[in-house]
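These values consider heavy atoms only, across backbone and side chains, with no hydrogens, waters or symmetry-generated copies. Everything numeric here is computed off the predicted structure, so don't read it as measured data.
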Amino acid sequence: MEASSSGITNGKTKVFHPEGGVDLQGYQLDMQILPDGPKSDVDFSEILNAIQEMAKDVNILFDELEAVNSPCKDDDSLLHPGNLTSTSDDASRLEAGGETIPEKNKSNGLYFRDGKCRIDYILVYRKSNPQTEKREVFERNIRAEGLQMEKESSLINSDIIFVKLHAPWEVLGRYAEQMNVRMPFRRKIYYLPRRYKFMSRIDKQISRFRRWLPKKPMRLDKETLPDLEENDCYTAPFSQQRIHHFIIHNKDTFFNNATRSRIVHHILQRIKYEEGKNKIGLNRLLTNGSYEAAFPLHEGSYRSKNSIRTHGAVNHRHLLYECWASWGVWYKYQPLDLVRRYFGEKIGLYFAWLGWYTGMLFPAAFIGLFVFLYGVITLDHCQVSKEVCQATDIIMCPVCDKYCPFMRLSDSCVYAKVTHLFDNGATVFFAVFMAVWATVFLEFWKRRRAVIAYDWDLIDWEEEEEEIRPQFEAKYSKKERMNPISGKPEPYQAFADKCSRLIVSASGIFFMICVVIAAVFGIVIYRVVTVSTFAAFKWALIRNNSQVATTGTAVCINFCIIMLLNVLYEKVALLLTNLEQPRTESEWENSFTLKMFLFQFVNLNSSTFYIAFFLGRFTGHPGAYLRLINRWRLEECHPSGCLIDLCMQMGIIMVLKQTWNNFMELGYPLIQNWWTRRKVRQEHGPERKISFPQWEKDYTLQPMNAYGLFDEYLEMILQFGFTTIFVAAFPLAPLLALLNNIIEIRLDAYKFVTQWRRPLASRAKDIGIWYGILEGIGILSVITNAFVIAITSDFIPRLVYAYKYGPCAGQGEAGQKCMVGYVNASLSVFRISDFENRSEPESDGSEFSGTPLKYCRYRDYRDPPHSLVPYGYTLQFWHVLAARLAFIIVFEHLVFCIKHLISYLIPDLPKDLRDRMRREKYLIQEMMYEAELERLQKERKERKKNGKAHHNEWP
């Protein structure tokens with residue numbers, strides 16, 4: 001806890017009344033501040049006694065009593081007044097207050113042994129590690145930089161040593177200036193534009209109407225939580241020369257904990273551990289094993305015996321757990337400002353994007369559910385499914401060799417009805433809607449990101465010149481050239497060497513894609529072989545539903561292969577990325593991300609592409625089937641169509657993968673942490689855990705993934721692909737994604753708050769390369785949905801029949817009455833005596849009419865066997881093919897035009913934000929000028945007062 005968390009900043013007493021509320025969405029906070037007046041003569045002992053009566057276990061350190069304004073942006077006034085503690089390490093304040101150092105600070109594991117210096121960073125190493133000399137040089141240079149250090153042995157293992165680091169004010173100020181850390185220097189003045197009377201009247205009427213509506217339940221409880229959204233202040237890069245311009249109530253809390261840890265990490269990355277120009281930085285010491293771990297501390301426990309409603313939050317971690325990571329607040333907005341303050345802008349942007357994506361899924365899920373319900377409502381009126389269910393006299397040809405029997409078309413009645421639920425008149429509209437939705441989602445995310453970047457001071461932030469990777473330095477240390485930015489010599493990779501490595505890497509990518517295709521080929525062979533096996537199965541249930549059983553088992557096996565290949569792909573992507581020798585960490589991360597996404601995307605969707613565009617398309621016809629390796633007959637679609645197979649593939653894969661990912665995200669850290677606690681209890685007894693300091697508890701937690709947020713982003717991007725690419729075949733995909741994301745947000749929050757060590761707070765302006773991948777998926781989704789509607793579904797054949805061959809031909813109508821006779825027109829006739837010997841079924845079909853069958857039907861547009869060209873394509877086939885190609889072209893051009901039009905009409909920067917930025921720039925210039933003028937006038941008055949001669953300086 002910081003001193004400002006109690007409402008006491010630098011000895012300035014403020015009591016926050018619980019009736020003050022918070023609006024997390026950007027509204028102003030009204031809180032009562034006592035005492036009033038510019039200078040208050042309040043009795044010190046009375047205030048102390050009053051506070052002690054409210055919380056007897058609280059120690060408060062006072063410096064001076066002075067009424068001040070509410071705390072500004074970087075003052076940690078984020079906690080409920082029910083828990084007031086102080087973390088000041090200023091010795092003068094201790095003497096002035098006449099209080100002793102609180103014993104709680106010594107025992108909570110957040111401070112040095114003296115209870116005054118807060119721990120900003122932890123390094124962990126083992127005494128048995130042979131890298132002692134490098135470590136000693138490194139730690140000696142740490143002290144030379146001004147950082148304070150203290151060591152502790154582990155209570156679990158005496159071989160483990162914890163190095164605690166603390167950055168004094170002077171060090172923080174010096175490096176904050178070098179890093180251009182933006183800090184608050186003046187409260188924002190909000191500019192209200194001129195409103196017309198008509199608009200003002202409308203706003204008043206809307207406000208009156210809102211009074212009758214219930215309060216928004218998704219907002220966090222104002223009466224319970226304190227000011228989570230930081231007060232708006234103008235910020236500027238910190239400067240020690242202009243320190244008087246900044247709002248500093250308390251030097252201990254001016255830089256929050258995340259900023260302090262970031263500054264210390266910045267220092268550690270630039271400290272040498274050995275002689276040599278490249279022997280520098282903490283990352284290299286972690287790589288060579290000198291240190292085992294390095295992390296900032298969590299701010300205490302995330303649990304409390306007392307309720308947050310009555311006693312307030314113990315610390316920011318507890319506050320995050322109660323209002324963000326707890327399952328009881330799954331329906332509420334995320335406190336993004338608090339997430340950013342605790343974990344940094346990079347993680348805050350991920351959760352902002354995830355929340356925005358989840359919110360945008362609501363309209364998509366609603367429309368998808370409407371399409372599905374529309375199919376349910378119109379099911380009884382669907383002429384096609386009626387004809388299928390009533391076609392007891394139509395006998396279909398066997399779907400496999402020998403063992404598959406003849407079957408009535410009416411036996412597929414259930415599958416025809418299920419197909420109608422997904423393939424109905426609203427499917428085309430939904431495909432267009434989802435293509436437009438993907439564009440709107442990305443365009444509005446750019447606007448949302450701009451607002452977040454403005455609120456979090458990321459507009460003018462630029463990444464520092466990145467350090468060269470140690471592996472790159474070791475490989476190319478012999479060749480050097482001048483860096484055009486820094487002007488210093490650095491290792492250089494020749495163009496020919498770079499091209500050769502990229503060619504080898506591309507060849508590896510191509511080979512792994514071939515492995516995926518081989519896996520799909522294996523699944524195809526499994527489906528071909530298994531359908532005959534299931535057709536001869538003893539159980540009637542499986543025998544009568546052999547195709548469905550084949551599809552279901554094939555999907556489950558495909559899922560297992562996908563998960564196994566994902567493990568292989570990660571190792572291959574790591575190998576190929578290291579082979580390329582990227583120069584910086586960001587280049588390495590982008591290259592690895594692109595490879596992993598490409599591998600997993602192809603791995604996850606290859607079977608889906610096969611079912612959507614190849615299954616049943618190249619099978620030939622009875623009597624002349626196309627065969628795999630001249631042996632296995634290719635699989636045909638179900639008599640009711642191929643769409644049911646695609647729906648099963650998407651539904652099973654999507655549900656299984658999301659369930660597995662959620663289990664692994666939370667289950668693996670829980671099991672690992674449980675196992676660690678179990679070993680501790682066995683060695684030291686269960687009572688010893690309570691006395692462990694915070695660094696010991698955090699060390700037993702799981703470290704954040706080595707690839708950062710890669711796994712979290714990859715999971716969501718692959719889900720976005722499933723939601724958009726084949727959504728025309730599975731309208732319920734957005735609904736499943738929405739339900740998963742509601743759980744995913746809380747799972748990730750719980751994992752970050754409770755199961756992982758606190759990651760280093762790092763900055764970022766956007767989501768990086770993932771945005772480009774999302775745009776690529778949006779373009780691909782338009783193409784795939786056009787092909788799904790034109791080729792996989794029966795939308796085009798039905799349309800052609802209604803306008804050209806049905807009862808309404810030439811009348812310009814396409815209702816259900818125009819579909820009479822469609823099923824019979826879409827089936828061709830085959831003479832059973834024309835079967836090949838290896839395809840001839842064992843049954844002669846006499847069980848249907850008492851005599852052997854002479855003819856059977858199959859799905860295709862071919863001439864009958866007694867025509868001039870037996871089994872040749874009919875004119876209707878060419879009409880359907882032309883209509884399919886025309887639909888693909890028209891659909892793609894129409895949707896792409898709409899997408900580009902929307903992208904053009906929606907600006908990347910909201911107009912009100914652009915006006916605010918311009919006005920802020922103007923006001924900052926004016927404030928800096930006024931502050932400098934005030935300083936000069938003050939100095940001039942002091943010289944006059946002291947009677948010193950002065951020149952006629954301005955002003």
Could you verify whether a donor N or O on one side chain and an acceptor N or O on the other, from [X] and [Y], lie under 3.5 Å apart?
X: N256; Y: T259; result: yes
X: H266; Y: R270; result: yes
X: Q719; Y: Y357; result: yes

Quick one: list whatever passes side chain to side chain donor-acceptor pair (under 3.5 Å) with [X], sequence neighbours left out.
X: D908; answer: K446
X: N740; answer: N662
X: Y350; answer: D748
X: S507; answer: none

Is there a side-chain contact between [X] and [Y] (heavy atoms, below 4.5 Å)?
X: F370; Y: F430; result: no
X: I517; Y: S606; result: no
X: W324; Y: F351; result: yes
X: F726; Y: F730; result: no
X: S793; Y: T427; result: no
X: E712; Y: M716; result: no
X: I742; Y: L738; result: yes
X: I773; Y: I777; result: yes

Does the pair W353 and I452 meet the rule for a side chain to side chain contact (heavy atoms under 4.5 Å, CB included), with working shown?
-> CA-CA 10 Å; W353 176 83; I452 292 175; over 6 Å; no

Is the F441 ring parallel, tilted or perpendicular to the W437 ring (thresholds 30°, 60°)?
-> parallel

Under 30°, 30 to 60°, or over 60°: which ring-plane class applies to W445 and W356, parallel, tilted or perpendicular?
-> tilted

Backbone N/O of [Y] and side chain of [X]: donor-acceptor pair under 3.5 Å:
X: R501; Y: L579; result: yes
X: T784; Y: S781; result: yes
X: S500; Y: D497; result: yes
X: R617; Y: I791; result: yes
X: S591; Y: E587; result: no
X: Q269; Y: L282; result: yes

What's the spacing between [X] [atom1] and [Y] [atom2] if we round to 0.5 Å?
X: L458; Y: K346; atom1: CG; atom2: NZ; answer: 12.5 Å
X: M563; Y: L656; atom1: CE; atom2: CG; answer: 10.0 Å
X: L736; Y: L361; atom1: CG; atom2: CG; answer: 11.0 Å
X: F720; Y: W770; atom1: CZ; atom2: CH2; answer: 13.0 Å
X: N603; Y: I513; atom1: CG; atom2: CD1; answer: 11.0 Å
X: D423; Y: F795; atom1: CG; atom2: CZ; answer: 9.0 Å

Is the shortest distance from a Lys or Arg side-chain nitrogen in K595 or E580 to a carboxylate oxygen in the other one below 4.0 Å?
-> yes

Under the side chain to side chain contact (heavy atoms under 4.5 Å, CB included) criterion, do L913 and R447 qualify, and how do the steps go?
-> CA-CA 9 Å; L913 178 61; R447 293 165 61 89; over 6 Å; no

Could you go step by step and tell me if I725 and N785 meet the side chain to side chain contact (heavy atoms under 4.5 Å, CB included) rule?
-> CA-CA 6 Å; I725 291 179; N785 281 303; 5.8 Å; no

Return the minimal non-hydrogen interatomic distance between [X] and [Y], and the atom names on each side.
X: F601; Y: L780; value: CZ-CD2, 3.6 Å
X: D766; Y: R449; value: CB-CD, 3.5 Å
X: L718; Y: Q600; value: CD1-OE1, 3.7 Å
X: A431; Y: I789; value: CB-CD1, 3.4 Å
X: V788; Y: A728; value: CG1-CB, 4.1 Å
X: M434; Y: A364; value: SD-CB, 3.7 Å

Residues 558-581 vs ring pair (Phe, Tyr, Trp, His ring centres under 6.0 Å), sequence neighbours excluded, gives Y569-F599

Which residues satisfy the salt bridge (charged side-chain N to carboxylate O under 4.0 Å, His left out) test with R758, sequence neighbours excluded?
->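 Only E299 meet the salt bridge (charged side-chain N to carboxylate O under 4.0 Å, His left out) criterion with R758.
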
Given side chain to side chain contact (heavy atoms under 4.5 Å, CB included), test L594 with L598 step by step and report yes or no.
-> CA-CA 6 Å; L594 196 58; L598 187 60; 5.8 Å; no

